[in-house]
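Note that the structure is a prediction, hence the values are computed from the model and not measured. Chain A is the first sequence line, chain B the second, and so forth, proteins listed ahead of strands; every chain is numbered from 1.
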Amino acid sequence: MPELPEVETVARGLAQRALGDVIESVWIGEKPQPLKSSAREIADALEGAKIVGVERIGKHIVVELSKSQNGQPSAGSQWIVHLGMTGSLLIVPADAEMAKHTHLIARLQSGRELRFVDPRRFGRLAVRQIGDDNTWAVGREPLEISTHDFAALFRGRKTPIKSALLNQKLLRGVGNIYADEALHRARIRPRRRAALLTRAELKSLHKHLQAVLRQAIAAGGSSISDYVDVEGESGNFQFRHRVYGRAGKPCRKCKGAIKRIVIAGRSSHYCPHCQK
DNA sequence: ACTATGTCCTGCGAGC
DNA sequence: TGCTCGCAGGACATAG
């Protein structure tokens, strides 16, 4: 499922392949749509707009749009895409077959199409004008936060460290896979109360979280479920998972069995020997 | 203010 | 083989 590294991969791919292209027209599917803004608002913002930037904020892809009306550049807007669990943004030839669960098609001036496909419909699409409230962009970026600020996030929190890592209001972009992987690398059990971690443990967690996210980005993300990048390519980081999805399998460090437990309704994987 | 839990949604795999 | 059932989980709503 798309977490920070996967969303970063998609955003980079989109920037590489679609920057400067113009959206000529937009088709949005019927049925309950995975939309935050209305279909009308989205179509109005996208049609005739040039893609002038793509960035990632947490798990959101932000597509910067620019329109000119009567030669005058109008105020910029942003198309915000959250992939949910199973969403993908794909750039395909216009004659490519339409995949099941395609919810939006943006026809590009270059002749290609940008399509949003999401079987489980946990994904969300929205548009906003520059200057609109951006209260959705809360939380700190895990790859930018200092060790000191990172440690401060967990002060006084009784919740398990695993849950705290998943809380997007604290850190944005960390999901179930990378929370488990970072905790294993930092040798911390997922159920430990966040506030009770030692300074050394928090320092280690900060270091390993950043490292695992960077390695995953370099590997094009983890293709669990149906994650693929804009060209439909899978990532490779799933082969380097040490705990996620490896319940019962031997720990790569100590050979003991990886355990699976449920924390706040989320599956959590760890090594009882290596993690304290 | 914080924490815990239920809900959404569909595909897939286990089990019979 | 063909069916049912439970699980997967990010964000949000709701309850405590």
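If you measure from atom OH of A/Tyr178 to atom C1' of C/dG9, you get 15 Å, rounded to the nearest angstrom. Rounding to whole angstrom units, CZ of residue A/Arg155 and P of B/dC2 are separated by 13 Å. Summarising the geometry, the separation between CG on A/Asp118 and C1' on C/dG9 is reported as 12 Å, rounded to the nearest angstrom. When the P atom of B/dC8 is taken as reference, atom NE2 of A/His101 falls 18 Å away, rounded to whole Å. When rounded to the nearest whole Å, the span between CZ of A/Arg124 and C1' of C/dG10 equals 10 Å. Separating the CG atom of A/Asn176 from the P atom of C/dG10 is a distance of 5 Å, rounded to the nearest angstrom. Going from atom NZ of A/Lys158 over to atom P of B/dA1 covers 16 Å, rounded to whole Å. When the P atom of C/dG9 is taken as reference, atom CG of A/Asn167 falls 18 Å away, rounded to whole Å.
A/Arg172 comes within 4.0 angstrom of nothing in the nucleic acid, heavy atoms only. Using a 4.0 Å heavy-atom criterion, one finds that A/Lys100 contacts the sugar-phosphate atoms exclusively. At the heavy-atom level, A/Phe154 lies nowhere under 4.0 Å from the strands shown. Using a 4.0 Å heavy-atom distance criterion, A/Thr86 is classed as making no nucleic acid contact.
The base of C/dA8 is paired with the side chain of A/Arg120 by a donor and an acceptor separated by under 3.5 Å.
Within the structure, every side-chain polar atom (N or O) of A/His82 is placed at least 4.0 Å from both OP1 and OP2 of C/dG10. For A/Tyr244 and C/dA8, the shortest distance from a side-chain N or O to OP1 or OP2 is not below 4.0 Å. The phosphate of B/dT3 (OP1 or OP2) has a side-chain N or O of A/Arg157 nearer than 4.0 angstrom. Between C/dG10 and A/Lys59, no contact under 4.0 Å exists linking OP1 or OP2 to a side-chain N or O.
Across B/dT5, C/dG9, B/dG11, the shortest atom-to-atom separation from the side chain of A/Met85 is found for C/dG9. Residue A/Arg260 places its side chain closer to C/dA8 than to any other of B/dC9, B/dA4, C/dA8. Across B/dA4, C/dA11, C/dG10, the shortest atom-to-atom separation from the side chain of A/Gln168 is found for C/dA11.
The aromatic rings of A/His241 and A/Tyr178 lie perpendicular to each other, with more than 60° between the two planes, well past the 30° mark.
The backbone N or O of A/Glu24 sits nowhere less than 3.5 Å from a side-chain atom of A/Glu47 that would complete a donor-acceptor pair. At least one donor-acceptor pair closer than 3.5 Å links the side chain of A/Gln210 to the backbone N or O of A/Pro142. Put simply, the side chain of A/Thr86 gets close to the backbone of A/Arg120: a donor and an acceptor are under 3.5 Å apart.
You can call A/Phe122 stacked on the base of C/dG9; the centres are under 5.5 Å apart and the planes sit within 30°.
Shown here is A/Glu141, whose CD atom has more than 12 heavy atoms of other residues, nucleotides or ligands within 6.0 Å.
Looking at which nucleotide of DNA chain B each of A/Arg266 and A/Thr159 is closest to, the 5′-most match is held by A/Thr159.
A salt bridge between A/Arg112 and A/Asp21 is present, with a side-chain N of the basic residue lying under 4.0 Å from a carboxylate O of the acidic one.
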